[in-house]
Amino acid sequence: MHAMTDLDIRKAERADLPAIIALFAADDVGAHDDTVEPEAFGDYLAAFVRIEASPLQTLYVACRGQGVVGTFQTTLLTSLPGRGRPRLLIEAVQTRTDMRGRGIGERMMRHAIERAREEGAVKVQLSSNAARSDAHRFYERLGFVRSHFGFHMPLK
């Protein structure tokens, strides 16, 4: 693994959207119907505006030089179980295909974990597509533990 000393992880900006969208559109496992087609940009922009306006959500990019090489999103969740102590949910983790295996994903996860600590979260949680066995090994190597079954119900 290469040391990625020139990696910058920061809050995403509107100008990053085309690169972020391209990361998702290149994902053949996620099956989220993501596309770089221009007519879809308005949907992504509307979602970005909602995320940006939320004090509990943050969309991040990992940049190397002038290019976006990864992204992830965090949401700070609070619920009554556990005395209302917050937890941080990590979603939409993507590393550019040609940049995988260089420590970018690990740096992004460590960044998210540090943000969780700063927010006083008692745990960090994420879900991963059942077909992503390499990602599962990656998360387990970082200390994540498989603990729950995930369910979803498509509404469209």
Quiz item: Between the side chains of H111 and R107, is a donor N or O closer than 3.5 angstrom to an acceptor N or O?
Solution: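 Their side chains do not contain a donor-acceptor pair, so the 3.5 Å distance test is not met.
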Quiz prompt | Lys/Arg N to Asp/Glu carboxylate O, E118 vs R115, below 4.0 Å | solution =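 Counted as a salt bridge, because a side-chain N and a carboxylate O are separated by less than 4.0 Å.
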Quiz item: Between E106 and R110, is there a salt bridge with N-O shorter than 4.0 Å?
Solution: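 Salt bridge between R110 and E106, a charged N being under 4.0 Å from a carboxylate O: yes.
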Do the side chains of [Y] and [X] get nearer than 4.5 Å, heavy atoms only?
X	Y	value
Y139	R146	no
V93	M108	yes
T58	K11	yes
V145	E140	no
E119	P86	no
Y44	I20	no
R102	V69	no
D16	R10	yes

Are [Y] and [X] connected into the same hydrophobic cluster when the rule is that any two of I, L, V, M, F, W, Y join if their side-chain heavy atoms are below 4.5 Å apart?
X	Y	value
V124	V122	no
I113	L59	no
L89	F144	no
M99	L23	no
I104	I9	yes

Exercise. Measure the acute angle between the ring planes of F72 and Y60, then classify it against the limits of 30° and 60° as parallel, tilted or perpendicular.
Key: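 It falls in the parallel class, under 30°.
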Self-check item: Exam field: side chain R87 to backbone T78, donor-acceptor pair closer than 3.5 Å
Solution: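 Judged by distance alone, no pair lies under 3.5 Å.
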Exercise. For the pair D27 (side chain) and F24 (backbone), establish whether a donor and an acceptor sit closer than 3.5 Å, ignoring hydrogens and angles.
Key: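 Checking the backbone N and O of F24 against the side chain of D27, no donor-acceptor pair under 3.5 Å is found.
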Which atoms form the tightest heavy-atom contact between [X] and [Y], and what is the distance?
X	Y	value
F48	A12	CZ-O, 3.8 Å
V36	A22	CG1-CA, 3.8 Å
R14	P18	O-CD, 4.1 Å

If you round to the nearest 0.5 Å, how far is [atom2] of [Y] from [atom1] of [X]?
X	Y	atom1	atom2	answer
I51	L56	CD1	CG	12.5 Å
E52	L45	CD	CG	9.5 Å
E91	S128	CD	OG	12.0 Å
D134	R100	CG	CZ	9.0 Å
D34	Q94	CG	CD	8.5 Å
Q125	H148	CD	NE2	7.5 Å

Quiz item: When you look at D8 and R64, which way does the side-chain contact (heavy atoms from CB on, under 4.5 Å) test go after all the steps?
Solution: CA-CA 6 Å; D8 177 39; R64 187 170 183 216; over 6 Å; no
Practice problem: Mind running side-chain contact (heavy atoms from CB on, under 4.5 Å) on T74 and Q57 for me, showing each step along the way? | Solution: CA-CA 6 Å; T74 62; Q57 297 184 72; over 6 Å; no
